[in-house]
Amino acid sequence: MESLRSALGNSLAGAQGKTITDQNKIDRTVAPGCAVKLYTRAECDLHTKASAARRAELKS
């Protein structure tokens, strides 16, 4: 379990996606899971698209 925690990090705690900083925390938490293939390629692609859409919303 500790290696999984190390792979995913602890950036997500408290992030709500309300700011770019929050979105960065979410992305930093998901990216390692994608890198170690914890999530499927489809799940990682979905996150990438959702993150880009949320960033666009936050910039408007």
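Remember, it's a predicted structure, so these values are computed and weren't measured experimentally. Computed over heavy atoms, backbone and side chain alike; hydrogens, waters and symmetry mates excluded.
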How about [X] and [Y]: do any of their side-chain heavy atoms sit closer than 4.5 Å?
X     : Y     : value
Arg55 : Asn24 : yes
Arg54 : Ile26 : no
His47 : Asp27 : yes
Val30 : Cys34 : yes

Spatial distance of atom OG1 (Thr48) from atom CD (Glu43) [nearest 0.5 Å]: 11.5 Å
At what distance, to the nearest 0.5 angstrom, does CD of Gln23 lie from OG1 of Thr21? 10.5 Å
Please give me the minimum heavy-atom distance between Cys44 and Tyr39, naming the atom from each residue.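 Scanning both residues completely, I find the closest heavy atoms to be SG-CB, 3.8 Å.
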Which atom pair, heavy atoms only, marks the closest approach of Leu58 to Ile20?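 Closest pair (atom of Leu58, atom of Ile20, distance): CD1-N, 3.7 Å.
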Do side-chain atoms of Thr29 reach the backbone of Lys25 as a donor and acceptor pair under 3.5 angstrom? yes
